Structures are given as C-alpha cells and as structure tokens.
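Below: the structure, in structure tokens.
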Amino acid sequence: MLIFTPFCISTNSGTHMSRTILILNGPNLNLLGMRQPEIYGHETLADVEASCRALGKELDVGLEFHQSNREYEIIDWIHAARETAAGIIINPGAFTHTSVAILDALNTFEAPVIEVHISNVYKREEFRHHSFISKRADAVMAGFGVHGYVLALRHMARLLTAPR
Ligand code: DQA
C-alpha cells in the first residue's frame, strides 16, 4: 500500500523524503531552438536542461528531465513519479490542448504540478487558450520564454520547503 503526503513518500519499505523534481516536455520540444524561433527563441532543450540542472544544484534538488513526442511515454513518467518525485514541472506542448489522458495521469500524482508554456498561449490561436492540464496544475507559467522553466523550478523548490 502506498501513502502519499506531498513531499514524504511512504511505501511498504519505509518512509523517505524526496527532493527530486520531474521536468517533462511534450511533442516537438525536441526541436526547440530550430522550431519557429520567433515564437520559442533560439535556446535548445539541452540549454534549458543545463540551466535547470545548474539551478537544481544551487537549490539542492535533484532533477529528472525528459522529452517525448509520445503521449503514453509522458503518462508512464508521471506514473513512475508517484513513487519518486516531490513535484512535476510539465510543458505538455500541443498535448496541453488535447490530452484528457495526461490530465488523468496528473490527477493520480499528489504533490505539486506546475504547467509551463514558453509562449504566451493566450496571445495566440484560440485553440491554444484551453488547457486540460490547468485543471490540475497548481501554477501556470506562460510567455516567459525558456526562462519560465527556471522560474517554475525556483517556485517548486520554495513549495518543497514552505511550511504547510
Ligand atoms: C507550448 C504552446 C503549445 O500551444 C504548443 O503546442 C507547444 C509549445 C509552449 O511552450 O509555448 O508545442 O506549450
């Protein structure tokens, strides 16, 4: 039997504190830096990961960083995070606007979730204005460029240490 409290994970094998944050990226974000740079900028996903890892060290949190173009893979990472992660930062890409399945997976995760969008989706096409993920997210960042990831990470680290 698994019992989750936000940052303390209890399993049959005992209780441990997790300081690992899972950062997930959805479809087409592997092409960051090349894909529509006028919207998403010139930094690559590897640059984003490097900035997050540098900040993670400073904040003393562990990071797992993934990208996939496949919905099921993102869902599997969220399921695994139920036992390993203290929080999830997710840029679901276009799955934001379509995926009830990712929303359902996030609803099984009991620690904080932050949704990140590089662009300001509200300034763009109407179909980008609706997010299934926002129904679960504790916070949403949009329009900060790739800087949004480190801002989200800073906020997540605060949530992990804030008195509840
Ligand atoms: C995005 C916005 C989505 O609408 C789009 O499909 C993406 C990237 C963003 O980071 O701004 O792939 O999530």
Side-chain angles (χ1 to χ4, degrees), residues 6 20-59 61-82 84-160:
T20 297
I21 295 167
L22 177 62
I23 303 182
L24 291 178
N25 293 280
N28 301 304
L29 290 163
N30 53 313
L31 295 181
L32 205 58
M34 289 170 278
R35 168 199 187 202
Q36 296 180 282
E38 69 287 0
I39 295 176
Y40 299 111
H42 293 277
E43 284 186 66
T44 65
L45 198 62
D47 295 331
V48 172
E49 180 172 358
S51 311
C52 289
R53 288 204 181 280
L55 181 61
K57 265 194 193 145
E58 191 188 303
L59 299 172
V61 292
L63 292 189
E64 238 192 87
F65 195 100
H66 298 294
Q67 185 278 331
S68 182
N69 296 324
R70 300 173 189 86
E71 193 175 21
Y72 77 86
E73 222 164 4
I74 294 168
I75 292 166
D76 285 349
W77 282 321
I78 295 169
H79 291 177
R82 286 161 45 82
T84 58
I88 296 177
I89 294 171
I90 182 166
N91 181 347
F95 290 150
T96 306
H97 319 297
T98 62
S99 183
V100 175
I102 292 177
L103 169 63
D104 284 350
L106 288 170
N107 277 331
T108 74
F109 181 76
E110 295 190 9
V113 172
I114 303 179
E115 176 182 350
V116 171
H117 298 288
I118 297 163
S119 63
N120 180 359
V121 282
Y122 300 101
K123 216 174 149 183
R124 301 180 63 192
E125 303 94 321
E126 191 101 15
F127 63 83
R128 293 184 205 276
H129 298 180
H130 177 261
S131 165
F132 283 101
I133 309 311
S134 295
K135 292 256 173 269
R136 167 61 183 87
D138 299 291
V140 181
M141 321 265 322
F144 291 84
V146 292
H147 190 53
Y149 286 86
V150 289
L151 293 174
L153 183 53
R154 237 178 228 292
H155 184 65
M156 184 65 85
R158 264 181 71 120
L159 292 177
L160 301 193

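In listed order, ligands and their atoms are each counted from 1. Small disclaimer: the values here were computed from a predicted structure and weren't measured.
- L29 has its side chain within reach of I118: a pair of non-hydrogen atoms, C-beta onward, lies under 4.5 Å apart.
- For E64 and T20, the side-chain atoms include no donor-acceptor pair closer than 3.5 Å.
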Provide, line by line, the atom pairs where ligand 1 and the protein bring an N/O atom each to a distance under 3.5 Å; else say none.
unit_1, atom_1, unit_2, atom_2, d
ligand 1, 4 (O), H97, NE2, 2.7
ligand 1, 4 (O), R128, NH1, 2.9
ligand 1, 6 (O), A94, N, 3.2
ligand 1, 6 (O), R128, NH1, 3.1
ligand 1, 10 (O), N91, ND2, 2.9
ligand 1, 10 (O), I118, N, 2.8
ligand 1, 11 (O), I118, N, 3.2
ligand 1, 11 (O), S119, N, 2.8
ligand 1, 11 (O), S119, OG, 2.6
ligand 1, 12 (O), R35, NH1, 3.2
ligand 1, 12 (O), R35, NH2, 3.0
ligand 1, 13 (O), N91, OD1, 2.8
ligand 1, 13 (O), H117, ND1, 2.9

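- Every pair passing salt bridge (Lys or Arg N to Asp or Glu O under 4.0 Å) that includes a residue from residues 36-55 is listed here, sequence neighbours excluded: E49-R53.
- Annotation: side-chain contact (heavy atoms from CB on, under 4.5 Å) contacts of R124 (sequence neighbours excluded): I39, Y40, S119, R128.
- Listed by chain and number, the residues in a side-chain contact (heavy atoms from CB on, under 4.5 Å) with A50 amount to none (sequence neighbours excluded).
- A centroid separation of 6.0 Å or more is found between the aromatic rings of H97 and F95.
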